[in-house]
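All remarks here apply to the structure that follows.
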Amino acid sequence: MVPIPSQVLYERLGLKGARKIKTGLSTDADTLDKLREQHPLPGAVLAWREATKLKSTYVDALPNWVGADGRIHTHYDQAVAATGRLSSSDPNLQNIPIRTDEGRRIRDCFVAAPGTVFLSADYSQIELRVLAHHCGEGPLVESFRAGEDIHRRTASEVFGVLPALVSSEQRRAAKAINFGIVYGMGAFRLANDLRIPRAQAQAYIDGYFARYPQVRAYMDGACARARELGYSETLFGRRRPIPGLDAGNQADRAAAERIAINSPIQGTAADIIKLAMIAVDAALRGSGARLLLQVHDELVLEVPEGEVEPVRARVVAAMQGAAALAVPLVVDSGVAPRWGGVH
DNA sequence: TCTGTCACG
DNA sequence: ACGTACGTGACAGAC
C-alpha cells in the first residue's frame, strides 16, 4: 500500500523542477531533496521512504534467512559482475545499511558468536590507488606515497591553495571530483552533486586534468586500447568485452568509454581483494579465526577474543601485501562485538 | 516481467 | 538538441 508521490507532488501541489524519466517525472531521493524548499511534503516522503526501505528490505526480511545454526548464510556469485567483483544474494549481505544512524542499527543486529568479535579490515582508497598505479607518476602517486590526505591534496592542486589552507568546502568538492574521475564523470553530474553551476563544474574538471595530465592520458589510453582489442583488461589480465566504442550514437559511445575507463580500475581492485582472500585464508591456518564476508574492499572475520591482535596483524599484512603497486596498499581495521561498531 | 527506487562499494 | 558517473540485488507496484 503505497501513495502515489508523483501525482500528489506534481499535479496536486504543482511542484516544479523535477527530473524527467521515461514514464514521467522522477520522485527519487535527489529530486525530492531539491523540492524541499518548495513544500514540506518532499522531506516527509524522504523520511517515509528511508523507514519503509529499511523495514521491508532488512527488518522484515533478514530474520527469515536465519538458519538452524542461528546464522545467516549468504550466497556469493563469482561470475555475475562484469568487472570481476563478487556479488552477494539470498540475502545480499553486501548492501547492509551503514550510512545513516537508523541504518547502522540494522548492521548492529549482526552479533559475533560468544567468545568472539568481528574484525573488519578494509582497503583505504583502493580504486584511486589503482588509478595512481596506472598513471605511474604525478601528484596522485606522490600523494599516496607520502601518506597524505588525498582529497585535501586534490583540492590543493585544483584550487591552487596550500594543503593547510584548503577549506572544508573545497575538500568536499575535491572528494566529489576524485569519486567521479574513476567513473568518467561529466560536468553535468558534478554540478548536480555539488549544487553549483555547470560552467563552474566544468572549470573544476578542466583544472583537475590540467594538474593531473597522467590521469587524462590513462583514460585516453584505456579507451584506445579497448577500441583496438574489443575488451578491457585488469592489471592481472581479467578481460571484459566492451562493444559500442565505435557506436555512431554519441551517448552510446560515451557510455562504452566510461566502461573502458572504469572496468580496469574496479576490476583490478576486485582482483586484489580476491588475491588477499587467498593470502588471508593461508595466514589464518592454525588460528580460530574465520572469514565471514567480503564487501568489495572489506573483509569481515570472526575472531576468538584472545586472538584479536595477532590475527589483526596477519590479516592487515596479507591484504597490504596482496599486490605490489606503484603506491602502497593501506588497510584500516576495527574490532567490535557487533558489526555496526567496527569502524 | 518491467520500472522505479534505494541499499551497498 | 540531447543526455548526462561505475558495479551490484531486493522490494513494491504496475502491467
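Chain naming here is simple, since letters A, B, ... match the order of the sequence lines and numbering starts at 1 in each.
Using a 4.0 Å heavy-atom criterion, one finds that Ala82(A) contacts the sugar-phosphate atoms exclusively. Nucleic acid contact class of Gly180(A) (heavy atoms, under 4.0 Å, all strands): base.
In terms of the ring-ring contact (aromatic ring centres under 6.0 Å, His included) criterion, Phe144(A) has no residue partners (sequence neighbours excluded). Residues forming a salt bridge (Lys or Arg N to Asp or Glu O under 4.0 Å) with Asp281(A) (at least two apart in sequence, or on another chain): Arg285(A).
Residues in residues 206-215 of chain A take part in these salt bridge (Lys or Arg N to Asp or Glu O under 4.0 Å) pairs, two or more places apart or across chains: Glu157(A)-Arg211(A). Applying the salt bridge (Lys or Arg N to Asp or Glu O under 4.0 Å) test to pairs two or more places apart or on separate chains, those with a residue in residues 77-89 of chain A are Arg85(A)-Glu127(A). Residue pairs meeting the side-chain hydrogen bond (donor to acceptor under 3.5 Å, both in side chains) criterion with at least one member in residues 216-227 of chain A, sequence neighbours excluded, are Arg225(A)-Glu233(A).
Applying a 4.0 Å cut-off to non-hydrogen atoms, none of the residues of residues 324-341 of chain A approaches DNA chain B. Residues from residues 212-243 of chain A placing a heavy atom under 4.0 Å of any atom in DNA chain C, listed by number, are Arg240(A). Sorted by residue number, the list of members of residues 64-74 of chain A with any non-hydrogen atom under 4.0 Å from DNA chain C is empty. Within residues 196-207 of chain A, no residue is approached by DNA chain B to less than 4.0 Å at the level of any non-hydrogen atom. Within residues 245-254 of chain A, no residue has a heavy atom under 4.0 Å from DNA chain B.
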Check: What string of B, S and - do you get for nucleotides 2-9 of chain B, 5' to 3', if B is base contact, S is sugar-phosphate-only contact and - is no contact with any protein heavy atom under 4.0 Å?
Finding: -SSSBBBB
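The local environment of CG in Asp69(A) is crowded, with over 12 non-hydrogen atoms from other residues, nucleotides or ligands closer than 6.0 Å.
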Checklist line | DNA chain C base-pair string [pairs: Watson-Crick or G-U under 3.5 Å; |: paired with another strand] | finding: .....|||||||||.
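Between the C1' atom of dG9(C) and the CG atom of Asp90(A) lies a distance of 9 Å, rounded to the nearest Å. Rounded to an integer number of Å, the gap from CG of Leu93(A) to P of dA10(C) is 10 Å.
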